[in-house]
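This chain uses plain numbering: 1 for the first residue, then up along the sequence. Heavy atoms only: backbone and side chains are in, while hydrogens, waters and symmetry mates are out. Every value quoted in this text rests on a predicted model; they were computed, and no experiment measured them. Atoms within each ligand, like the ligands themselves, are counted from 1 in listed order.
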Amino acid sequence: MSIISDSLKRVKPSPTISVTQKVRELRAAGKDVIGLGAGEPDFDTPLNIKNAAIRAIKKGDTKYTAVDGTPALKKAIVNKFKRENKLNYSIDQITVGSGGKQVIYNAFMATLNKGDEVIIPAPFWVSYPDMVLLSGGKPKIIKCTQKENFKLTPTKLRKAITKKTKWLILNSPSNPTGLGYTKKEIQDLAQVLIRNKKIFILSDDIYEHVKYDNFNFFTIAQISKLKNRTLTMNGVSKSYAMTGWRIGYAAGPKDLIKAIGKIQSQSTSNPSSISQAAAVEALNGPQGFIKMRSKAFKERRDFVVKSLNAIDGIECLNPDGAFYVFPSCKGLMGKKDSNGKELKTDTDFVRSLLETSGIAVVQGSAFGLEGFFRISYATSMKNLKKALDKISIFCKGLN
Ligand code: PLP
């Protein structure tokens, strides 16, 4: 008999974290590996934010805080939503957790009964289905094609809804595709949702600030009549290069926010007091860092997309934001690598690329869509140039 619970048996460890771990192991074994798997900015946290944390330590802000966030941080979040999204929330509509990941997990734990369905457009962020499974719910994966720019259409949404649907997850700009929903696309989906009064929407806006060109970011609560059924989730990890500080937050209906806090009160309690002080500075302090960083990411995106599209057998859409591309490797299927091994799936492609060329990317099937792979370009141009050269040589060497 196993000591492991049934719900945990349904869950697999995060494949993106596994790739990062594999890169660490190969490097430790002396191999020259470029990791393009990690989902975190390579920039350092801005100094004003670090200094705010140091001040908090010196001042003695080192005790438990309110479970779901300090009043100062909640106020900063209320102001952020007002300033950037024209959304009005009261303090008791805000919750803060140890990363957006915890907030989403708590939201599912607090709301899902056995058999409740969560609509997840694929490709998706790897953690969504497993968090739903852990909470006893049922992920309903809806595949969105490259032709659809990997985005959910109103027709597909309508077909996916059943009596058991409890949540729809929207993530824009998206991990893993980098594509974002336009205002009209969100409003068209809202038209479907408005008729189904029991469905809640999780808007995962974590990449709000990593966007390019003329892409205008909108979040569903801001541009529909669904605010009272939407959990608008965001965090400081990606916007302010603060992945290690573990601060995420959400705004939504009071009863849901209270329920999320209740789970947290019996699990981790408050997020780190020091990280919360740092997040106050991130949200209230100078915002110039965001623009500067997006400019650097845009240069990398342009280079990566152009280099990939120059390779025979690879096709890559141009992302609106985030720091990922999600190219197709379907044109290379059936070819053989230098060891004579036939590439039948995206996983074969990714494995062979790592073993023969030392480039670590993540297979599309990990994100729910086969025939693709994800590259994170949150690394230096020097690394990207070297990596894209090697990918090109690897692909040319297939026959
Ligand atoms: N949502 C998406 C789409 C992500 O890619 C991530 C992190 O990779 C998160 C949420 C969670 O971020 P964090 O827990 O660092 O706030």
Side-chain angles (χ1 to χ4, degrees), residues 13-21 35-43 45 49 68-69 73 77 80 94-108 118 120-132 139 144 150-152 167-181 201-211 217 219-220 231-251 260 264 267-268 271-272 275-276 278-279 282-283 297 319-326 362 366-369 374-378:
S14 162
T16 45
I17 292 176
S18 308
V19 170
T20 312
Q21 182 57 27
L36 303 178
E40 65 177 347
D42 53 319
F43 298 98
T45 306
I49 299 174
D68 61 351
L73 181 51
I77 293 165
K80 178 263 179 248
I94 305 290
T95 190
V96 183
S98 299
K101 203 171 208 173
Q102 187 188 24
V103 175
I104 300 173
Y105 180 71
N106 287 349
F108 290 149
V118 178
I120 307 176
F124 46 69
W125 177 43
V126 293
S127 293
Y128 297 141
D130 292 284
M131 291 202 273
V132 170
C144 305
F150 305 116
K151 290 187 257 187
L152 185 64
W167 286 94
L168 162 70
I169 303 180
L170 286 178
N171 172 219
S172 169
S174 146
N175 176 7
T177 69
L179 291 157
Y181 285 82
I201 301 100
L202 168 68
S203 186
D204 180 342
D205 300 348
I206 200 99
Y207 294 100
E208 169 179 11
H209 288 124
V210 190
K211 61 187 182 73
F217 172 85
T219 189
I220 194 162
L231 187 67
T232 306
M233 193 286 282
N234 212 317
V236 296
S237 286
K238 320 280 176 175
S239 298
Y240 301 95
M242 292 176 69
T243 44
W245 300 76
R246 309 309 302 129
I247 297 292
Y249 56 85
I260 289 173
Q264 200 155 292
S267 52
T268 57
S272 151
S275 295
Q276 289 191 72
L283 295 175
F297 275 143
D320 302 304
F323 32 71
Y324 311 105
V325 284
F326 196 66
V362 187
F367 307 94
L369 205 67
R374 190 193 77 172
I375 287 181
S376 162
Y377 50 88

> Just going by heavy-atom distances, which of V126, D204, T243 is nearest to atom 3 (C) of ligand 1?
Replying inline: D204
> Roughly how far, to the nearest 0.5 Å, is the CE atom of M233 from the CD atom of E208?
Replying inline: 11.5 Å
> For ligand 1, is any non-hydrogen atom under 4.0 Å from K238's backbone (N, CA, C, O), its side chain (CB onward), both, or neither?
Replying inline: side chain
>> So if I count the atoms of ligand 1 from 1 in the order they appear, which ones are less than 4.0 Å from some heavy atom of Y207?
In response: 3 (C), 4 (C), 5 (O), 8 (O)
>> Measuring only between side-chain heavy atoms, which start at C-beta, is W125 closer than 4.5 Å to I104?
In response: yes
> Among protein heavy atoms, which sits nearest to atom 16 (O) of ligand 1, and what does the distance come to when rounded to 0.1 Å?
Replying inline: G100 N, 2.6 Å
> Between R246 and ligand 1, which residue portion shows a heavy-atom distance shorter than 4.0 Å: side chain, backbone, both, or neither?
Replying inline: side chain
> What protein heavy atom sits nearest atom 12 (O) of ligand 1, and how far off is it?
Replying inline: I206 CD1, 3.9 Å
>> I'd like to check whether Y324 has a polar contact with ligand 1, where a contact means an N/O of the residue lying under 3.5 Å from an N/O of the ligand.
In response: no
>> Looking only at side-chain N and O atoms, does T232 offer a donor or acceptor that is under 3.5 Å from a partner on T219?
In response: no
> Numbering the atoms of ligand 1 from 1, which are under 4.0 Å from a heavy atom of G99?
Replying inline: 14 (O), 16 (O)
> So which heavy atom on I206 is nearest to which on S239, and how close?
Replying inline: O-OG, 4.2 Å
>> Considering F124, Y249, W125 one by one, which has a heavy atom nearer to atom 11 (C) of ligand 1 than any of the others?
In response: W125
> So do the side chains of N171 and F124 get within less than 4.5 Å of each other, counting heavy atoms only?
Replying inline: no
> What is the distance from atom CG of L152 to atom OG of S172, rounded to the nearest 0.5 Å?
Replying inline: 12.0 Å
>> Under 4.0 Å from a heavy atom of N171: which atoms of ligand 1 are those, numbered in the order shown and with their elements?
In response: 3 (C)
>> For P271 versus I247, what's the shortest heavy-atom pair and its separation?
In response: CB-CD1, 3.7 Å
